[in-house]
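See below for the structure under consideration.
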There are 2 protein chains.
Amino acid sequence: MYGMDTRERLIQSTRELLWERGYVGTSPKAIQERAGAGQGSMYHHFRGKPDLARAAIDRSATELRDRAQAAFTGPGTALEQVAAYLRRERDALKGCPVGRLTQDPDVMKDPELREPIERTFSWLTGRLTESLTRARDDGDLGAGLDPAATATALVAVVQGGYVLARATGSAAAYAQAVEGALALLAVRPGED
Amino acid sequence: MYGMDTRERLIQSTRELLWERGYVGTSPKAIQERAGAGQGSMYHHFRGKPDLARAAIDRSATELRDRAQAAFTGPGTALEQVAAYLRRERDALKGCPVGRLTQDPDVMKDPELREPIERTFSWLTGRLTESLTRARDDGDLGAGLDPAATATALVAVVQGGYVLARATGSAAAYAQAVEGALALLAVRPGED
DNA sequence: GTCTATACTTTGATAGAC
DNA sequence: GTCTATCAAAGTATAGAC
């Protein structure tokens, strides 16, 4: 946080706190303390908690999208790219910074806060559907499978994998969910 | 809530609020109002918010387990029972009353509150592994599949299906995730 | 842009009367 | 068992000086 200006530190602090504690669990005071900024600073740069949250969520959504896109454009066949996305290094115990907000009623009832979340999952499912369609055309995926339904199932495995990792207290649960899903796609087991 | 005594109404109100708003988002005052009970009543029957939450979470965990068990002991082959569990009527937009607590740091750092959650997912994954093992013995499931990993993937699909339903604002996302997963298990599409 | 002061509400609980 | 104070702390701002 040292090379950042105050506005940027406020956004980053808010992202971290939303990830760790959700929207209800995050107070302006906690944000200010983590950012090393005072009350005045925060209310100068943002109109209030919702405004700051919107900036933070937007940033997290963009970052998630960029990281996913990197996996999908990596080396290998379309199916291998899907596997790479699922197996990508993740801090499974922390959960998904975007998906977790889905549980927060105050976030979901505010159209401004909800929009980037909706858009993220819509994009991700679409992108995965694209790759799975190519995989099917390559003959790497069962011809009888619906790419869109399969994509939705895989996004769910990722999100649910986070839930299981937190429930069991172990990132291994995430990995097992992913490997279980990949085995169903007939992808050979990975290294770990 | 009309045939219940005060203690029971407090537990039910807490269950609902934990489901809708999580632990941080649920205040003793809101619980009392929904239960139609005063401060004094609540603190007479429970030592405080964590004590009441423990009773509520225990109840939700037990109920989840009983409902799952009903699907697993219904008619049909082991694989059909698994499909019945996944397709069971659910209020997908409300999410999982147990899984959602996994996101709440104040719940997860308290061993008393965490225990029923951990136990629920451990039991569910184990129960599903059992059914999938039988399905494999029946020849209904690929011999090369690991029942435990497959079970973990399916529990993740359910939990992630809830996330997607909330993110998109439509229960259809849950159904699509489940049908996508069942297709990978080579289960024929359902009625809806 | 940042700081301090002030204000009003909600949270989570305790005390004691009935 | 339930009710009504009462309370200290935290939440979420606004106002105005610097």
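Just so we're on the same page: letters track the sequence lines, and every chain starts at 1.
Counting only heavy atoms from C-beta on, A:S41 has its side chain closest to C:dC3 among D:dT2, C:dC3, C:dT4. Checking D:dT2, D:dT12, C:dA13 against every side-chain atom of B:H45, the shortest atom distance belongs to D:dT2. When distances run from any side-chain atom of B:K29 to the nucleotides C:dT11, C:dT2, C:dA13, the shortest one goes to C:dT11. Closest to the side chain of B:P50, out of C:dA13, D:dT2, C:dT11, is C:dA13. When each of C:dT2, D:dA5, C:dT11 is scored by its nearest atom to the side-chain atoms of B:Q39, the top-ranked nucleotide is D:dA5. Distance from the side chain of B:P28 is smallest to C:dG12 among D:dA13, C:dT2, C:dG12. In the set D:dT14, D:dT2, D:dG11, the nucleotide with an atom closest to the side chain of A:S27 is D:dG11.
In this structure a side-chain-to-backbone donor-acceptor pair under 3.5 Å is missing from A:T14 to A:L52. Panel note: side chain A:S122, backbone A:E118; no donor-acceptor pair is recorded below 3.5 Å.
Sequence order on DNA chain D of the closest nucleotides to A:G40 and A:A30 puts A:A30 first from the 5' end. Between B:G36 and A:Y23, the one whose closest nucleotide on DNA chain D sits nearer the 5' end is B:G36.
For the residue pair B:R127/B:S131, the side-chain donor-acceptor check at 3.5 Å is satisfied. Side chains of B:Q12 and B:E8: a donor on one and an acceptor on the other come within 3.5 Å.
Rounding to whole angstrom units, CD of residue B:E33 and P of C:dT10 are separated by 10 Å. Here D:dT2 presents its C1' atom at 16 Å from CZ of B:R7, a figure rounded to the nearest Å. In this structure, A:H44 atom NE2 and C:dT2 atom P are separated by 7 Å, rounded to whole Å. Rounded to whole Å, atom C1' of C:dT2 lies 12 Å from atom CG of A:L10. Per the geometry, NZ belonging to A:K49 stands 18 Å off C1' belonging to D:dT14, to the nearest Å. Atom P of nucleotide C:dT11 and atom CZ of B:R21 are separated by 9 Å, given to the nearest angstrom. Atom CE of B:M42 and atom P of D:dT4 are 16 Å apart (whole Å). One can place CD1 of B:I31 at 16 Å from P of D:dT2, the figure rounded to the nearest angstrom.
Residue A:T6 places no side-chain N or O under 4.0 Å from the OP1 or OP2 atom of C:dG1.
Relative to the ring axis of B:Y85, B:R90 places its NZ or CZ within 45° and under 6.0 Å from the centre.
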